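Structure, as structure tokens:
Each ligand, and each atom within it, is numbered from 1 in the order the structure gives. Since the structure is predicted, the reported quantities are computational estimates derived from the model, not experimental observations. No hydrogens, no waters, no symmetry mates; every other heavy atom, side chains included, goes into these values.
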Amino acid sequence: MVVGCGIMGVLSFNFGSGKPPKPPTSEVNRVQEQTSPSHKKSADPLSITDVPLATGDEPIDKLFVQSGCPVCHTIPGIEPAKGREGPKLVLGTNAPLRMADQQYQGTATTIREYIQESILDPGVYVVSGYQDRVMPRWYGKRLNAKALDRMVSYLERITD
Ligand code: HEC
């Protein structure tokens with residue numbers, strides 16, 4: 001009788017887990033010390049992107065000019081605003097079309113909200129035919145609520 005000596009052995013090829021251990025995702029969290037009551041800025045110079053662009057009390061055309069929008073946008077009724085880097089701002093007409101676009105992933109449901117979103121978070125929806133990352137992303141830091149509100153109120157009324 002042949003007794004199969006079935007010692008197959010346990011060939012345990014240990015391929016390991018396949019992946020090297022994850023490096024600790026060190027969140028570079030540059031939380032600045034903002035607890036100091038000192039008004040001195042010498043130790044921590046302001047970055048240019050922190051400087052407010054307007055008070056919000058300027059005449060509307062000045063408000064747009066100071067904010068730099070005319071460099072890239074044509075805005076009907078704002079004389080110097082003849083820019084062509086971005087779309088002509090006729091949001092009364094275009095905002096509903098953007099929100100209805102299948103590519104639209106933002107949260108706006110009104111023209112007003114769409115304009116706010118476009119200014120504060122331009123990457124949420126990039127108008128077809130235009131480049132992302134051209135419109136600055138720092139408007140939320142450099143425009144106060146009043147300035148933003150007045151621009152939005154102006155823009156929402158413009159139709160093509
Ligand atoms: C350096 C150029 C640049 C500047 C400055 C700029 N934008 Fe834009 N903007 C763009 C471009 C390019 C787009 C289209 C791409 C996109 O949707 O992000 C755009 C898109 C928009 C849209 C969406 C338009 C649409 O038809 O759906 C709005 C609203 C807007 N900008 C408002 C403003 C306002 C208000 C300012 C000033 C506070 C401003 N932008 C400053 C380049 C600029």
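At the shortest separation from atom 41 (C) of ligand 1 among protein heavy atoms lies Tyr139 OH, 3.5 Å. For atom 26 (O) of ligand 1, the closest heavy atom belonging to the protein is Arg98 NH2, 2.6 Å. If you check which protein heavy atom lies closest to atom 27 (O) of ligand 1, you get Tyr114 OH, 2.4 Å.
Residues Tyr130 and Tyr125 share a hydrophobic cluster, clusters being chains of Ile/Leu/Val/Met/Phe/Trp/Tyr side chains in contact below 4.5 Å. A continuous path of ILVMFWY side-chain contacts below 4.5 Å connects Leu155 to Leu120, so both sit in one hydrophobic cluster. Under the 4.5 Å side-chain contact rule for hydrophobic residues, Ile119 and Val134 do not share a cluster.
The backbone of Tyr125, and not its side chain, has at least one atom closer than 4.0 Å to an atom of ligand 1 (non-hydrogen atoms only; backbone = N, CA, C, O). At a 4.0 Å heavy-atom cut-off, ligand 1 touches Pro136 through the side chain alone.
Neighbouring protein atoms of atom 8 (Fe) of ligand 1 (N, O or S, distance under 2.8 Å, waters ignored): His73 NE2, Met135 SD.
Partners of Asn144 according to the side chain to side chain donor-acceptor pair (under 3.5 Å) rule, which considers only residues two or more places apart in sequence or in another chain, do not exist here.
Ligand-side atoms of ligand 1 in range of Gly68: 5 (C), range being under 4.0 angstrom from any heavy atom. Each of the atoms 12 (C), 15 (C) of ligand 1 lies under 4.0 Å from some heavy atom of Gln131.
Shortest non-hydrogen contact noted between Met99 and Ile111 is CE-N, 3.9 Å. Shortest non-hydrogen contact noted between Gln66 and Leu53 is NE2-O, 2.9 Å.
Among pairs with a residue in residues 137-160, those fulfilling ring-ring contact (aromatic ring centres under 6.0 Å, His included) read Phe64-Tyr154, at least two apart in sequence or across chains.
Salt bridge status for Arg112 with Asp149: present, with a side-chain N to carboxylate O gap under 4.0 Å.
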Please set out all donor-acceptor pairs under 3.5 angstrom arising from side-chain atoms of residues 76-95, sequence neighbours excluded.
residue	atom	partner	partner atom	Å
Lys88	NZ	Asp160	OD1	3.4
Thr93	OG1	Asp160	N	2.7

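Distances from atom 16 (C) of ligand 1 to the heavy atoms of Leu91, Val127, Ile75, Asp121 put Val127 nearest.
Relative ring orientation between Tyr114 and Tyr104 is described as tilted, the plane-to-plane angle lying within the 30° to 60° band.
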